[in-house]
Amino acid sequence: MPDESYDVIVIGSGPGGLSTAALLQKRGLHCLLVEKNNLLGGKMISIDKDGYAYDLFPHGQVPMRGSAFEPIFEELGVRDEFVPALEPDDPRDIITLLYRRGDRQEYNRVLQGQAMTDPTPFFKLWDIGADDQAGTVRIMAEMAEMSEEELAKLDNVTMHEWLGERDCPSALYNYLGFHANASLAEPIDQVAASEQILIMQQMMLHGGGGQYKGGFGGLTAVMAREFEKNGGTLINNCRVEKIDIADGSVSGITTSEGKFTAPVVVSSAGIQPTILKLCGEEHFDKAYVNYIKGLVPGWAFTSIRYFLDKPVMDTAMYVMYSDDSWLDTERFEKIKDGSIPEEVLLFMVNHNFYDENAAPPGKQVLVSGTVCSSNPEAKEIEALWAKMDEQMQRFFPEIWEACERREYNGPKEIADLTRDSVIEGQGGECVGLAQIVGQCGSMKPDSNAPINGLYIAGGDAGSRGMGTHQSALSGTAVARMVQQYLRGRTKMR
Ligand SMILES: Cc1cc2nc3c(=O)[nH]c(=O)nc-3n(C[C@H](O)[C@H](O)[C@H](O)COP(=O)(O)OP(=O)(O)OC[C@H]3O[C@@H](n4cnc5c(N)ncnc54)[C@H](O)[C@@H]3O)c2cc1C
C-alpha cells in the first residue's frame with residue numbers, strides 16, 4: 001500500500017515530471033509519482049512489443065552533446081547508462097534529404113552526415129550559386145556565434161522578421177521554414193527567433209538527431225528505476241482528478257486510487273489543464289486565469305509507423321520538403337479549412353540505424369510524421385495520412401513495397417496519451433505551449449504558480465530549446481525550486 005502522505009507529489013512521468021521526481025527522491029525527499037497511463041514516458045514513450053522497440057512518435061535528440069538528461073543521470077549515479085546511440089562526430093551518412101525548389105519539378109536527393117558546420121551537402125541539395133552560398137554561410141555563422149545576451153533580445157522577434165532584416169537566400173529561408181515546422185512544430189512567421197536560433201546553434205555545434213537504444217523510453221526506464229530504487233513511490237494507471245488546495249496552498253491530490261497529501265505538487269500535465277481543470281479557476285485571480293486561457297498551444301504531428309518485412313533503409317532519418325510544403329500560418333489555415341496541399345513535408349526516423357534490436361531479424365521499423373493542428377477534433381488528419389502514404393509510394397517505393405503493416409496516430413492519440421483538452425484546439429500539441437513570440441524566454445510562464453506549493457514542470461514552463469531537452473531542463477530547475485520552498489517552510493515553523 002502506498003503511504004498517504006509525502007513531501008512532494010509529481011503528476012506525470014514524461015521527461016519533465018520524471019526528472020523532477022527522480023532528482024528530488026535522490027536528494028532525500030519522500031516523493032510520490034502518479035501517472036495516468038500504464039506505460040511511462042509521456043510523449044517520449046517507447047514501445048517494446050512483438051520484437052520491435054521504437055518511439056510512438058518520431059523523435060530526435062537536440063543537442064546530442066550537452067543533453068539535459070546527462071547531468072540528471074550523473075546525479076542519479078548512473079552516468080554509464082547514459083549512452084546515446086549516435087555520436088555527434090559519427091562519420092556515416094545520417095540523413096537522406098529530399099528537396100524540391102519552387103521552380104523545379106523534380107526533387108534533389110542527397111545524403112548528409114552529422115557535420116552541419118559543413119554546408120556542402122546543402123548547397124548540392126539546394127542547387128544554388130556562389131552568391132547564395134556566401135549569403136547562407138554568413139547567416140549560418142551569425143546564428144552559430146550568437147551569444148546568450150543577443151539571443152535573449154530575440155524573444156519577441158519572429159524568425160521571419162529576423163531573416164527579413166538580412167539578405168537571406170530563398171533556399172535558406174525555405175529550409176528554415178521547414179526547420180521551424182520539423183524541430184519546433186511552429187510556423188516561421190510566429191516562432192520566436194531566440195528559440196529557433198538556439199536549436200540551430202545546438203544542431204550545428206553539438207549535433208542533432210540523437211537517439212537511444214530502445215528509443216527515448218530507455219531514458220525513462222532508467223530514471224523510473226532509480227526513483228523507485230531510492231525509495232520513491234510510483235503509481236501508474238492512476239489519474240489525478242484534482243489538485244487539492246486549502247487556504248491558498250496545495251494540500252495534496254485526489255486520484256482514481258484515492259487521496260494523497262503533500263505540501264508540494266509538481267504538475268507536468270500541461271499548464272492549461274493543471275490550472276483550469278486540476279486546480280480550478282476559482283483558486284486564481286481573474287487576470288491569471290485569462291492569461292492562462294490566452295496562451296497558445298503548439299502544433300502537432302500526425303504520425304504513421306511503417307513495419308517492413310525486409311531491411312531497405314540505410315540512413316537514420318529521411319526528410320522530405322519543398323518550397324511549397326512547409327507551413328507558415330497562412331498555409332496552415334488553408335489545411336485546417338480542408339485544403340490539403342499537393343505535397344506535405346515528411347520527417348522520418350529509422351530506429352534500426354540506432355539499434356540493431358529495434359525490429360526482429362530481417363525486419364525494420366520507420367516512424368514518420370508531418371505537422372498538423374493540435375486540435376484532437378481536427379478534421380484534416382485522415383487526409384494528411386492519405387497524403388503521407390501517397391508520398392511514401394511515390395518517393396520511397398522501396399520502403400512502401402516492403403511495408404507489411406502500418407499504424408496511424410494524430411493529435412487525438414497524443415492528447416489521449418498525454419494532456420487533457422481544456423480549451424478549444426488544445427490537447428494534441430507535440431511539445432507544449434507554442435514557442436512563439438510573447439510566450440518564450442522572459443515571457444515564458446513561470447514554473448512557480450501563484451498558489452503556495454504548486455509548480456509546473458515540463459514543456460510549458462521555465463525553459464527553452466527542443467521538446468525533451470527543455471522538459472528535462474524545466475524538471476531539473478523545478479527540483480531546485482521545490483527544495484528551496486520546503487527549506488523556507490521549515491525555517492518559518
Ligand atoms: C509527434 C511528436 C514528435 C516529437 N518530436 C520530438 C523530437 O524530435 N525531439 C524532442 O526533443 N521532442 C520531440 N517531441 C516532444 C517531446 O516528446 C515533448 O516535448 C516532451 O515529451 C514533453 O515532456 P513533458 O514532461 O513536458 O510532458 P509529457 O511528455 O506530455 O508528459 C506528461 C505526462 O503527464 C501525464 N498526465 C497528464 N495528465 C495526468 C493526470 N491527470 N493524471 C496523471 N498523469 C497525467 C501524461 O499521461 C504524461 O505521461 C515530440 C512529440 C511528439 C508528440
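Order of listing sets the numbers, starting from 1, for every ligand and every atom in it. Keep in mind that this is a model prediction, so the values were computed, not measured.
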- request: Run through Gln470, Arg419, Gln272 and flag the one making a side-chain hydrogen bond (donor to acceptor under 3.5 Å, both in side chains) with Asp460.
  value: Arg419
Short N or O distance, [X] and ligand 1, threshold 3.5 Å exclusive:
X      : result
Leu417 : yes
Ala457 : no
Glu35  : yes
Asn37  : yes
Gly60  : yes
His59  : yes
Val240 : yes
Gly16  : yes
Asp420 : no
Leu278 : no

Between [X] and [Y], what is the shortest heavy-atom contact and its length?
X      : Y      : answer
Pro376 : Gln426 : CD-O, 3.3 Å
Ser183 : Met203 : OG-SD, 4.3 Å
Phe284 : Cys279 : CE1-CB, 3.7 Å
Glu257 : Cys238 : CG-SG, 3.4 Å
Trp400 : Asp389 : CZ3-OD1, 3.5 Å
Val110 : Pro121 : CG2-O, 3.9 Å

[atom] - nearest protein heavy atom and its distance:
atom                    : value
atom 31 (O) of ligand 1 : Gly14 CA, 3.5 Å
atom 27 (O) of ligand 1 : Ser268 O, 4.0 Å
atom 24 (P) of ligand 1 : Ser471 OG, 3.5 Å
atom 20 (C) of ligand 1 : Pro15 CG, 3.7 Å

Of all the atoms in ligand 1, which lie at a distance below 4.0 Å from a heavy atom belonging to [X]?
X      : value
Phe301 : 1 (C)
Gly42  : 29 (O), 31 (O), 48 (C), 49 (O)
Pro58  : 1 (C), 3 (C), 4 (C), 5 (N), 6 (C), 8 (O)
Ala269 : 37 (C), 38 (N)
Ile414 : 53 (C)
Gly458 : 26 (O)
Cys238 : 43 (C)
Gly12  : 33 (C), 34 (O), 35 (C)

field: Worked verdict on Gln190 versus Asp328 for side-chain hydrogen bond (donor to acceptor under 3.5 Å, both in side chains)
entry: CA-CA 8 Å; Gln190 291 190 50; Asp328 58 9; over 6 Å; no
message: Nearest non-hydrogen contact with atom 28 (P) of ligand 1 belongs to which option: Lys43, Met317, Lys242, Lys36?
response: Lys43
query: Passes side chain to side chain contact (heavy atoms under 4.5 Å, CB included), Lys43 versus Leu417? Steps please.
result: CA-CA 7 Å; Lys43 296 188 225 294; Leu417 185 79; 5.7 Å; no
field: By salt bridge (charged side-chain N to carboxylate O under 4.0 Å, His left out) - contacts of Lys277 (at least two apart)
entry: Asp420
Working to the nearest 0.5 Å, report the span between [atom1] of [X] and [atom2] of [Y].
X      : Y      : atom1 : atom2 : answer
Thr20  : Gln25  : OG1   : CD    : 12.5 Å
Leu327 : Asp189 : CG    : CG    : 10.5 Å
Thr274 : Ile292 : OG1   : CD1   : 9.0 Å

For ligand 1, indicate whether the residue [X] contacts it via side chain, backbone, both or neither (heavy-atom separation under 4.0 Å).
X      : value
Thr418 : both
Cys430 : both
Thr468 : both
Ser474 : neither

Consider only side-chain N and O atoms of [X] and [Y], and report whether a donor and an acceptor are under 3.5 Å apart.
X      : Y      : answer
Glu35  : Asn37  : yes
Arg464 : Gln435 : no
Glu407 : Tyr306 : no

